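Here the structure comes first, spelled out in structure tokens, and everything after it is commentary.
In this text the structure is predicted, and so the values were computed from the model without any measurement. Hydrogens, waters and symmetry mates are skipped; everything else that's a heavy atom, side chains included, is used.
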Amino acid sequence: MLSNEVNVSELTFEMTKRLRGYLSTLVERGGSDLHVKTGSIVRARINGEIVSLGDEVLTHSDGITLAKELLRRRFNELVERKSIDFTFKLNEMYRFRVNLFFQMEGVSAVFRTIPTELPTFASLKLPSVVEKFCRLSRGMILVTGPTGSGKTTTLASMINYINQTRRQHIITIEDPIEYVYKDDKSIINQRAIGQDAISFASSLRDALREDPDVILVGEMRDLETVETALHAAETGHLVLSTLHTLDAKETINRIIGMFPGSEHNRIKMSLSSVLQGIISQRLVRTKSGGRMAAVEILVKNARIESLILEGRDGEIADAIREGKESYKSQTFDQALLELYAKGYIDLQEALNNASSASDLKMKLDFYDAQIASDNGGEQSIDDSSDILRLKV
């Protein structure tokens, strides 16, 4: 049986020293995740692909020792729960979100890079409407996408903007805390689940008694959290949160579907009233070899409100597409077309990530033909905006 008692004085921290070396390599190579697995070599995710970082195999004993060094007196939590989240600081520039867990051969861990430098809308190349969302005084903004699509980074850029431009009280509820903010124009209180708070739902209820203006909920995982978040938005707060959904339509359906059927009409009324926007993300590979987010944006308007209220989710994508000029909304395919037009991604990457590859292919062909016609066969990125408006 594995003992959950750790005598810190007996630890040499040699395994942590080796870990730091791997993390430094990860950072130098621009990687996003480090994978440490008992019985295997250390690997990293770099530009979306898993690559090896040497041939040293982590033994069962090495894995347990590393866990003890990283967790110290919290090692008993790992033994009891079999998995634990925390953050690890490499230096003043880089921190990592860590999930340490047991698997059949021993201990494994995944380290997700969290740059200390806070992201901005410009650095992430986010649409300008995201800034408009951050100027709202109430309502709900959701950032969605699969794991690893950059949701936390987008939320960090939004909190960073609010902190720099508005005099607000911001409360973040996270599991764990990733980006760390310093008070600027705003006051920011950050709470970590497990360390500073029991659960998202209870922390959110507490937040309503703490004079907040903006509340960031790291993830809406359960019905109680969703219900409380909707209530917070209804009572005059700006609520930011995430869901692991692929697009705006699925996001709306997921929230409504979390409630019993008898509650659906009530939730549709509540959601249609408070939802101000949905930012859905997919990471795409750029021509330079990096990655950036292709972003679908739903912007609340009278039509969107009616579609949610009446359960006409099949028309949401059309409403987003047709609202591009008036409301600055955009579908994934419109976003991909724009990234292609600006020279960030190539044709195949755009098609690989399209909601409808055949439809996008026709639009891209039209775009290329129009550019060739207008510029004697040479593409001019500066002239692309008018053509984009004609065909999307």
Side-chain angles (χ1 to χ4, degrees), residues 85 97 99 112 124 126-127 129-130 133-134 136 139-159 171-179 193 199-204 207 214-234 237-260 263-264 266-283 293-300 304-305 307-308 311 313 316-317 319-320 329-332 335 353 355:
D85 293 314
R97 182 186 71 198
N99 181 261
R112 166 63 56 85
L124 300 180
L126 292 174
V129 71
V130 177
F133 287 156
C134 294
L136 296 172
M140 178 178 287
I141 306 294
L142 299 175
V143 181
T144 81
T147 299
S149 59
K151 298 186 294 296
T152 299
T153 304
T154 295
L155 280 175
S157 71
M158 297 173 74
I159 294 296
I171 297 176
T172 77
I173 306 166
E174 304 169 76
D175 184 18
I177 290 172
E178 298 187 28
Y179 289 93
I193 300 299
S199 68
F200 281 113
S202 64
S203 303
L204 187 49
V214 180
I215 306 172
L216 184 152
V217 185
E219 185 179 347
M220 296 204 298
R221 296 176 178 173
D222 54 62
L223 186 149
E224 185 181 7
T225 302
V226 173
E227 179 85 82
T228 311
L230 288 170
H231 175 68
E234 287 172 333
H237 307 91
L238 181 61
V239 178
L240 310 178
S241 192
T242 71
L243 281 169
H244 292 286
T245 47
L246 296 179
D247 55 26
K249 174 184 172 182
E250 184 183 335
T251 301
I252 292 167
N253 287 337
R254 174 74 59 84
I255 291 174
I256 295 170
M258 292 177 74
F259 292 81
E263 292 285 290
H264 283 187
R266 179 180 69 84
I267 297 305
K268 287 176 184 177
M269 290 183 62
S270 177
L271 186 61
S272 65
S273 172
V274 304
L275 183 65
Q276 296 295 329
I278 299 175
I279 304 166
S280 298
Q281 304 187 173
R282 299 173 186 171
L283 287 187
V295 183
E296 177 184 83
I297 304 281
L298 177 148
V299 181
K300 169 48 170 313
I304 292 291
E305 187 171 352
L307 293 178
I308 296 172
D313 57 280
I316 289 175
I320 293 173
S329 60
Q330 62 184 33
T331 64
F332 274 119
N353 290 277
S355 297

I'd like to know whether N253 forms a side-chain contact (heavy atoms from CB on, under 4.5 Å) with T245, so could you lay out the CA-CA distance, the side-chain angles of the two residues, the decisive distance to 0.1 Å, and finally the verdict. CA-CA 10 Å; N253 287 337; T245 47; over 6 Å; no
Please report the C-alpha distance between E174 and Y179 in whole Å, then the side-chain angles of each, then the deciding distance to 0.1 Å, and finally whether the side-chain contact (heavy atoms from CB on, under 4.5 Å) criterion is met. CA-CA 10 Å; E174 304 169 76; Y179 289 93; 5.8 Å; no
Please walk me through it: do M220 and I255 pass side-chain contact (heavy atoms from CB on, under 4.5 Å)? CA-CA 9 Å; M220 296 204 298; I255 291 174; 4.3 Å; yes
For side-chain contact (heavy atoms from CB on, under 4.5 Å), just list the numbers for T242 and L155, CA-CA rounded to whole Å, side-chain angles, deciding distance to a tenth of an Å, and then say yes or no. CA-CA 9 Å; T242 71; L155 280 175; 3.2 Å; yes
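I193 contributes atom CD1, which lies 9.5 Å from atom CD1 of I177 (distance to the nearest 0.5 angstrom). From T251, atom OG1 reaches atom CG of L142 across 6.5 Å, with rounding to the nearest 0.5 Å. Between atom CG of residue L230 and atom CZ of residue R266 there is a gap of 8.0 Å, rounded to the nearest 0.5 Å. Distance check: I159 CD1 to L216 CG gives 4.5 Å after rounding to the nearest 0.5 Å. Here the straight-line distance linking atom CD1 of I256 with atom CD of E263 works out to 12.5 Å at 0.5 Å rounding. Expressed to the nearest 0.5 Å, how far CG of L223 lies from OG1 of T228 amounts to 9.0 Å.
Using modelled atom types, no side-chain atom of Q281 and backbone atom of V143 make a donor-acceptor pair closer than 3.5 Å. Looking at S149, its side chain never comes within 3.5 Å of a backbone N or O of R282 through a donor-acceptor pair. At distances below 3.5 Å, not a single donor-acceptor pair connects side-chain atoms of H264 with backbone N or O atoms of G257.
With L298 as the partner, the side chain to side chain contact (heavy atoms under 4.5 Å, CB included) test is satisfied by one option alone out of I308, I304, D247: I304.
Across all their heavy atoms, A233 and V239 have their closest contact at N-CG2, 3.8 Å. Residues K268 and G311 share a closest heavy-atom pair of NZ-CA, 4.0 Å. G148 and L283 get closest at one heavy-atom pair: O-CD1, 3.1 Å. Scanning both residues, S272 and M269, for their nearest heavy atoms gives OG-O, 3.0 Å. When all heavy atoms are compared, the tightest approach of H244 to P146 is ND1-C, 4.3 Å. Here the closest non-hydrogen pair linking L246 and F332 is O-CE1, 3.4 Å.
Inter-residue side-chain proximity for T144 and E250 is flagged as unmet; no heavy-atom pair is nearer than 4.5 Å. You'll find the side chain of L243 stays beyond 4.5 Å of the side chain of I278, heavy atoms only. With contacts defined as side-chain heavy-atom distances shorter than 4.5 Å, the pair I267/V226 does not qualify. Contact of the S241 side chain with the M140 side chain is not registered, since no non-hydrogen atoms from C-beta on lie closer than 4.5 Å. Residues F133 and L238 are not in side-chain contact: their nearest non-hydrogen atoms beyond the backbone lie 4.5 Å or more apart. For the pair I279 and M158, the minimum side-chain heavy-atom distance is below 4.5 Å. Looking only at side-chain heavy atoms (C-beta outward), E234 and S270 come within less than 4.5 Å of each other. Looking only at side-chain heavy atoms (C-beta outward), R97 and D85 stay at 4.5 Å or farther from each other.
A cation-pi geometry, defined here as NZ or CZ lying under 6.0 Å from the six-membered ring centre and within 45° of its normal, does not hold between R221 and F200.
A salt bridge between E296 and K249 is absent, with no side-chain N of the basic residue lying under 4.0 Å from a carboxylate O of the acidic one.
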